[in-house]
K.L.:
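Quick one: structure below, then a few questions.
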2 protein chains.
Amino acid sequence: MKMMTIGKAAGKAGVGVETVRFYERQGLIEQPPKPINGGYRDYPEETVRRIRFIRQARELGFSLRETAELLSLNADPSTDCADVRERAQGKLLEVERKAAQLDRMRLALERLIAACPGQGALKACSIIEALKGGEGVAVKPTQDKETTP
Amino acid sequence: MKMMTIGKAAGKAGVGVETVRFYERQGLIEQPPKPINGGYRDYPEETVRRIRFIRQARELGFSLRETAELLSLNADPSTDCADVRERAQGKLLEVERKAAQLDRMRLALERLIAACPGQGALKACSIIEALKGGEGVAVKPTQDKETTP
DNA sequence: CTACGCTCCGTATAATAGTACGGTGTCAAG
DNA sequence: CTTGACACCGTACTATTATACGGAGCGTAG
């Protein structure tokens, strides 16, 4: 039988063996049971998919905790549907916010590139200006008196 | 004259004073010169914008190093235009890749939500399946013999 | 059956990104 | 002039996210 050992699984997912173990310890992926005879663990394809998902989510700026929350939406097909739905909607908002920011950055880069090639000195294609909208959670005001001292 | 001290700047940007200092040490923002008489530093609005940009970029999964690279595109309006352009194009690719992934996740969440509300048991609206494309940089193969041992 | 590579497991170390602390100096209100 | 809040600065600590190490065990090729 073709066993997928942890090394194979890690290779397929594009991470190191230690990273797989780390995710197991963090509860992001389930550690397959050790065979009764006491040999090596056999990893299912599902684990590889989960690891890849985790990497992608990380690249999109989700923490491991947030990634676990995303995975938990997937994990239980039997759990309270309304609850899953609610959490999914929360995540969707987060995703949409990120997407909007990313789109602003994309536009800014495109403008920068467009303004660059010819001959001018590309005066002020501010990338910074691109990401001015959509402040995340309301940060503590810290008494913002601003222009009224 | 209305001085913007580090505390005010941090408050406006929605971060703590220590974070501002940290970014200064990392070279992401410039530390304003200390007044000759030796008082407090006066932070320009530009710094607030930069900090906000940094936070947004971080939320989109860019490391501080990558964020610095993004900022560097903005910083020098006099530098070699072709160089800036090239780097901007590299970043644009990254951003587009992220956007594509994010879009897949958004669709998956939408499908999940759509499949959820009624009454069924939402069999297999796999979020994981959503992010299967676009493997980033080719990870070291580690001799991927796969199904041929 | 032996050699080699890999697994297993606990623990240690590292890199990144902040956050906190403590002593001293500065400013502005009272 | 005193007092309270904040700036300044170096250093220390924390959390997150991995990576590395070392010794013992397993398993397959030769």
Side-chain angles (χ1 to χ4, degrees), chain A residues 1-29 31-43 47 51 53-69 71 139-140 142-145 149, chain B residues 1-29 31-43 47 51 53-69 71 139-140 142-146 148-149:
Chain A
M1 79 235 212
K2 55 162 189 166
M3 278 256 298
M4 181 149 65
T5 61
I6 192 171
K8 301 263 182 56
K12 274 188 144 190
V15 302
V17 166
E18 303 305 326
T19 302
V20 177
R21 291 199 202 289
F22 175 68
Y23 289 162
E24 286 173 349
R25 262 176 283 144
Q26 301 303 305
L28 285 155
I29 57 182
Q31 188 177 44
K34 211 170 170 179
I36 302 89
N37 52 50
Y40 296 161
R41 296 174 200 284
D42 188 17
Y43 285 75
T47 298
I51 296 169
F53 179 87
I54 294 164
R55 298 321 303 221
Q56 301 282 1
R58 295 283 297 110
E59 283 180 24
L60 295 176
F62 291 99
S63 68
L64 280 192
R65 177 178 303 276
E66 290 169 327
T67 303
E69 286 165 11
L71 283 169
V139 286
K140 64 174 205 296
T142 323
Q143 68 199 17
D144 192 354
K145 61 189 95 173
Chain B
M1 79 240 209
K2 55 159 187 165
M3 276 258 296
M4 180 149 64
T5 61
I6 192 171
K8 300 264 181 54
K12 276 188 145 191
V15 301
V17 167
E18 303 305 325
T19 301
V20 177
R21 290 201 203 288
F22 175 68
Y23 290 160
E24 286 172 350
R25 264 177 282 142
Q26 300 305 304
L28 284 156
I29 57 182
Q31 186 176 45
K34 209 168 170 178
I36 301 88
N37 50 51
Y40 296 162
R41 296 173 199 284
D42 188 18
Y43 285 77
T47 297
I51 296 169
F53 179 88
I54 293 165
R55 298 321 301 224
Q56 301 282 3
R58 296 282 299 110
E59 283 181 24
L60 295 177
F62 291 99
S63 68
L64 281 190
R65 177 179 301 276
E66 289 169 328
T67 303
E69 287 166 10
L71 283 168
V139 286
K140 66 174 202 294
T142 322
Q143 66 200 22
D144 193 353
K145 61 190 91 169
E146 188 149 0
T148 323

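The analysis underlying the following values was restricted to heavy atoms, covering all of them including side chains, and did not include hydrogens, waters or symmetry mates. Letters A, B, ... mirror the listed sequences (proteins, then strands); counts begin at 1.
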K.L.:
Would you indicate what B/E24 reaches in the nucleic acid, counting non-hydrogen atoms under 4.0 angstrom: base, sugar-phosphate, or nothing?
P.N.:
nothing
K.L.:
If you check the A/R55 side chain, which of D/dC8, D/dA18, D/dT19 turns out closest?
P.N.:
D/dA18
K.L.:
To the nearest angstrom, how far is B/R65 atom CZ from C/dA15 atom P?
P.N.:
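Going from B/R65 (CZ) to C/dA15 (P), I get 12 Å.
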K.L.:
Starting the side chain at C-beta, find the nucleotide from D/dC8, C/dC27, C/dC8 nearest to B/I6.
P.N.:
D/dC8
K.L.:
May I have the distance from B/M4 (atom CE) to C/dC27 (atom P), rounded to whole angstrom?
P.N.:
18 Å
K.L.:
Short question: side chain of A/Q56, backbone of A/F53 - any donor-acceptor pair under 3.5 Å?
P.N.:
no
K.L.:
Closest-nucleotide mapping onto DNA chain D: is A/G38 or A/T19 further toward the 5' terminus? I mean the 5' end.
P.N.:
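Per heavy-atom nearest nucleotide, the more 5' residue is A/T19.
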K.L.:
What nucleotide among D/dT17, C/dC9, C/dG18 has an atom nearest to a side-chain atom of A/L64?
P.N.:
D/dT17
K.L.:
Using a heavy-atom cut-off of 4.0 Å across all strands, would you classify B/E66 as base, sugar-phosphate, or nothing?
P.N.:
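No contact.
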K.L.:
Figure out the CD/P separation between A/E18 and C/dT7, and round it to whole Å.
P.N.:
10 Å
K.L.:
Under 4.0 angstrom, heavy atoms only, what part of the nucleic acid is B/R58 near: base, sugar-phosphate, or nothing?
P.N.:
sugar-phosphate
K.L.:
Of all the choices, C/dT7, D/dA18, D/dC9, which nucleotide is nearest to the side chain of A/F22 once you look at every atom?
P.N.:
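When the side chain of A/F22 is considered, D/dA18 is the closest of C/dT7, D/dA18, D/dC9.
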K.L.:
Hey, are the side chains of B/I6 and B/Y40 touching, using non-hydrogen atoms and a 4.5 Å cut-off?
P.N.:
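Side-chain contact under 4.5 Å: no.
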K.L.:
When you match B/G39 and B/S63 each to their closest nucleotide on DNA chain C, which lands nearer the 5' end?
P.N.:
B/S63
K.L.:
Is any N or O donor-acceptor pair between the side chain of A/Y40 and the base of C/dC8 shorter than 3.5 Å?
P.N.:
no
K.L.:
How many whole angstroms separate atom CZ of B/R41 from atom C1' of C/dG25?
P.N.:
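About 13 Å, once rounded to whole Å.
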K.L.:
Using whole Å, report how far NZ of B/K8 lies from P of D/dA5.
P.N.:
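Value for this atom pair: 15 Å.
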